[in-house]
Amino acid sequence: MDLILEKKSVIQILEEIAVLLDLAGENPFKSRAYSNAARVLETTGESLEELIRSGQLGETKGIGKALEEKILTLAVTGTLEYYEKLRGQFPPTLFDLLKIPNLGPKKVKTLYSTLGIQSLDELEKACQARIIRALSGFGEKTEQRILEGIERVRTYAARVLLPAAESAAQPLFESVSSHPATLRASLCGSLRRRRETIKDIDLLASSREPGELIEAFTGLPQVKTITGQGSTKASVVLENGIASDLRVVADDEFPFALNYFTGSKEHNTLMRSRARTFGYRLNEYALTRENGEILSCQNEEAIYWALELDYIPPELREGLHEIGWAMNRAVPSLIEYGDLKGTLHCHTRASDGEASLEEMAAAAGALGYQYLGIGDHSKAAFYANGLDEKRLAQQWEEIDRYNRQGGPVKILKGSEVDILRDGELDFAEEILLECDFAVGSVHSQFALSEAEMTQRLICAIESPGITFLGHMTGRLLLQREPYPVDVAKVIDATARNGKWIEINSNPWRLDLDWRACLEARDKGVLFCINPDAHNTAGLADNRYGIDVARKAGLGREAIANTRELNDFCQLLKKTRPG
Ligand code: DGT
Ligand code: CA
Ligand code: ZN
């Protein structure tokens with residue numbers, strides 16, 4: 001049987017139907033049936049094809065006859081009249097309101113049915129006119145929070161995650177750099193600095209025939225609309241909605257333009273004032289002496305050297321410590337993409353992962369890793385099919401068997417154990433101490449005060465069995481702000497207890513943030529870069545974690561998992577008492 005929609009899309013539509021039913025003011029049981037069904041599909045290990053082919057779909061707990069039919073229709077035809085009709089009842093811009101934090105379908109329905117509010121702009125105006133606070137169930141505080149939420153939705157919508165920008169940029173860069181009229185080409189801007197989110201793709205090239213390059217760029221198949229076109233610059237919007245600029249300069253200007261358009265703006269400001277201390281003028285075209293004489297620079301390195309600075313890698317150019325480092329010949333030597341010897345915090349099919357132990361291990365081996373730490377969820381994470389003590393013990397047997405047979409990597413036993421509301425852990429201490437490592441993570445009860453959340457995390461990191469906290473601040477980039485927590489205090493507690501800090505490489509998380517890492521390193525804390533992978537492809541996300549470490553200014557020595565297996569295991573033991 002050929003399915004038009006994959007499981008993921010079916011789940012998404014079921015969830016959307018649940019929201020639409022809430023918006024329509026239907027009986028809450030109805031919408032809960034759809035969100036339950038979505039959950040069930042999400043957590044079952046079996047593929048949608050298998051479920052349908054074996055006739056098990058309708059038998060599955062939480063999926064009745066009516067739902068079975070709808071799921072079948074969706075999967076096979078790609079559409080569902082019931083869903084389309086529901087959707088058609090509301091203006092499409094109304095769904096933007098649901099992206100505002102803490103504004104659920106019920107409140108959106110009130111806004112729509114009592115005031116006819118259909119869009120973010122209309123809601124913003126109503127808030128500014130102080131109309132919203134008068135609605136029942138709202139109030140002055142809610143009104144204020146909605147205004148802040150609208151701001152956030154707009155910022156989120158204006159940016160994309162690094163991997164999305166990277167894969168959109170790759171073909172553009174290849175086309176430009178391989179064009180016969182191109183002398184040199186580079187990515188610039190936030191993408192070259194490896195920022196976690198990106199507004200637009202900045203490209204730079206040098207050429208003797210800029211017009212030809214501009215023509216070729218605007219004519220690329222990925223380009224949807226041309227928003228600006230001159231003789232040396234073009235701005236476009238790509239099919240996927242991301243904007244991109246190409247600038248073309250003369251080849252002797254290339255290093256200066258590269259430096260300027262890589263930024264950041266803050267770094268540029270510091271570079272210009274550094275130039276002024278020598279009586280020079282620096283801009284995007286040249287470095288000039290007071291008498292107008294031009295200092296030629298063949299490449300970017302030469303610009304830094306002309307200003308008596310060490311070369312500064314793009315990742316560090318955020319206007320923080322880098323100029324001071326470069327003046328003192330103290331630019332750190334950063335961890336490189338190939339430096340990891342293994343990784344921890346990966347999931348398998350035992351909880352909410354998609355691959356088996358063996359498949360994950362084989363994929364880790366293919367990346368050149370020597371060890372792979374499995375950290376499936378614990379029982380409190382029931383929605384992720386978390387393991388109880390018995391299933392954990394079974395997994396350990398499986399791991400022992402694997403390690404005895406000898407595969408490409410050594411598998412380390414671990415757990416991603418839920419941190420409960422009060423900071424207690426979901427497994428007893430002796431179980432955690434039997435693991436090779438344990439990740440403590442918050443997956444529920446986010447709405448605590450900063451003091452409570454900080455205490456909760458400190459309590460967890462003080463537990464002898466814990467190696468590090470998973471995704472310490474809980475943020476989801478462009479989706480969810482971090483929970484309120486005093487990161488400095490948690491880092492202090494981590495240092496005091498000889499524990500590590502995770503750099504979670506999942507591109508939605510990149511948590512701990514690079515801005516907070518240096519302070520932790522200076523307190524002597526070690527880091528571990530982990531993909532939090534839920535399938536074999538996810539292991540490769542570690543490159544984004546390495547970007548974070550590089551932006552933080554971390555070298556190989558600060559990262560525990562740059563060590564060979566034996567040294568790494570020694571370090572792991574040091575996180576434990578005794
Ligand atoms: P983004 O696009 O928000 O992800 O971040 P960037 O850094 O790519 O920013 P963008 O695209 O606006 O500009 C690219 C670079 O051009 C920026 O990193 C530094 C330089 N630049 C842009 N505007 C200014 C400015 O007003 N002053 C200075 N000094 N540099 C600027
Ligand atoms: Ca940019
Ligand atoms: Zn996790």
Side-chain angles (χ1 to χ4, degrees), residues 98-104 107 127 138-157 159 161 195-197 320 345 377-378 380-381 383-384 416-426 439-463 466 468-497 499-521 523 525 527 530 532 548 551-552:
L98 289 166
K99 295 180 189 146
I100 299 173
N102 300 317
L103 202 68
K107 283 208 161 73
C127 285
F138 290 74
E140 205 175 321
K141 255 208 188 122
T142 317
E143 194 177 76
Q144 194 49 43
R145 270 205 294 268
I146 290 177
L147 274 174
E148 289 161 13
I150 292 173
E151 264 325 290
R152 200 170 288 159
V153 174
R154 288 198 181 125
T155 339
Y156 286 176
R159 306 188 71 82
L161 293 187
R195 285 288 290 239
E196 57 277 20
T197 67
L320 294 173
H345 192 173
H377 289 284
S378 65
Y383 52 85
E416 180 177 18
V417 60
D418 261 45
I419 302 174
L420 309 178
R421 190 190 192 281
D422 52 3
E424 294 296 308
L425 300 167
D426 195 24
V439 193
S441 299
V442 165
H443 290 125
S444 59
Q445 312 253 27
F446 291 86
L448 303 186
S449 70
E450 180 176 312
E452 286 172 319
M453 190 58 98
T454 306
Q455 197 42 50
R456 181 182 182 186
L457 292 189
I458 290 177
C459 178
I461 199 69
E462 283 177 342
S463 153
I466 287 293
F468 48 80
L469 301 175
H471 38 76
M472 190 198 285
T473 74
R475 73 172 178 191
L476 291 178
L477 289 163
L478 307 182
Q479 267 188 30
R480 185 173 80 199
E481 295 294 295
Y483 36 67
V485 56
D486 188 335
V487 170
K489 278 193 185 148
V490 179
I491 290 174
D492 269 343
T494 305
R496 253 195 332 268
N497 288 279
K499 307 294 188 178
W500 298 353
I501 286 178
E502 169 173 85
I503 296 180
N504 190 299
S505 306
N506 181 315
W508 288 103
R509 296 193 179 273
L510 300 179
D511 189 3
L512 193 62
D513 189 284
W514 53 269
R515 297 159 187 84
C517 289
L518 204 58
E519 191 193 326
R521 187 205 62 181
K523 290 187 172 142
V525 180
F527 295 82
N530 301 319
D532 203 348
V548 171
K551 289 197 74 61

Any side-chain heavy atom of [X] within less than 4.5 Å of one from [Y]?
X: Trp508; Y: Leu476; value: yes
X: Met453; Y: Gln445; value: no
X: Leu161; Y: Leu477; value: yes

Calculate, to the nearest 0.5 Å, the distance between atoms [atom1] and [atom2] belonging to [X] and [Y] respectively.
X: Lys551; Y: Cys517; atom1: NZ; atom2: SG; answer: 12.0 Å
X: Phe446; Y: Arg480; atom1: CZ; atom2: CZ; answer: 4.0 Å
X: Leu457; Y: Ile466; atom1: CG; atom2: CD1; answer: 11.0 Å
X: Ser463; Y: Glu424; atom1: OG; atom2: CD; answer: 8.5 Å
X: Ser378; Y: Leu425; atom1: OG; atom2: CG; answer: 8.5 Å
X: Ile458; Y: Arg496; atom1: CD1; atom2: CZ; answer: 6.5 Å

Between Ile419 and Leu469, does the side-chain contact (heavy atoms from CB on, under 4.5 Å) criterion hold? Intermediate values first, please. CA-CA 9 Å; Ile419 302 174; Leu469 301 175; 3.9 Å; yes
Please evaluate residues Ile503 and Trp514 with respect to the criterion side-chain contact (heavy atoms from CB on, under 4.5 Å), reporting the C-alpha separation (whole Å), side-chain torsions for both, the decisive distance (0.1 Å), and the verdict. CA-CA 9 Å; Ile503 296 180; Trp514 53 269; over 6 Å; no
Take Gln455 and Glu452, measure what side-chain contact (heavy atoms from CB on, under 4.5 Å) needs, and give me the verdict at the end. CA-CA 5 Å; Gln455 197 42 50; Glu452 286 172 319; 5.8 Å; no
Where is the tightest heavy-atom contact between [X] and [Y], given as atom of each residue plus distance?
X: Pro101; Y: Gly149; value: CD-CA, 4.0 Å
X: Gln479; Y: Tyr156; value: N-CE1, 3.5 Å
X: Leu510; Y: Ser505; value: CD2-O, 3.6 Å
X: Phe468; Y: Ile461; value: CA-CD1, 4.1 Å
X: Val487; Y: Ala516; value: CG1-CB, 4.3 Å

Would you say the side-chain atoms of Thr494 pair up with the backbone N or O of Trp500, donor to acceptor, closer than 3.5 Å? no
Could you tell me whether a side-chain N or O of Arg475 sits under 3.5 Å from a main-chain N or O of Arg509, the two making a donor and an acceptor?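 Side chain of Arg475 to backbone of Arg509: a pair is present.
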Taking side-chain contact (heavy atoms from CB on, under 4.5 Å) as the criterion, tell me which of Ile100, Leu103, Leu478 meets it with Val153. Ile100
Between [X] and [Y], a side-chain donor and acceptor under 3.5 Å:
X: Glu502; Y: His471; result: no
X: Asp486; Y: Thr454; result: no
X: Asp532; Y: Asn506; result: no

Using the test salt bridge (charged side-chain N to carboxylate O under 4.0 Å, His left out), find all partners of [X] that sit at least two apart in sequence or belong to another chain.
X: Arg145; value: none
X: Arg195; value: Glu318
X: Arg515; value: Glu196, Asp513
X: Asp418; value: none

If you apply the rule side-chain contact (heavy atoms from CB on, under 4.5 Å), what do you find for Lys499 with Glu462, and how did you get there? CA-CA 9 Å; Lys499 307 294 188 178; Glu462 283 177 342; over 6 Å; no
A cation-pi test, strictly: NZ or CZ of Arg456 under 6.0 Å from the centre of the six-membered ring of Tyr483 and no more than 45 degrees from its axis. Yes or no? no
For Phe138, the ring pair (Phe, Tyr, Trp, His ring centres under 6.0 Å) test, sequence neighbours excluded, returns none
Is any side-chain N of the basic residue among Glu519 and Lys523 closer than 4.0 Å to the acidic one's carboxylate O? yes
Quick one: side-chain hydrogen bond (donor to acceptor under 3.5 Å, both in side chains) partners of Thr142, sequence neighbours excluded? none
Check this for me: Glu481, atom CD, are more than 12 non-hydrogen atoms of other residues, nucleotides or ligands nearer than 6.0 Å? yes
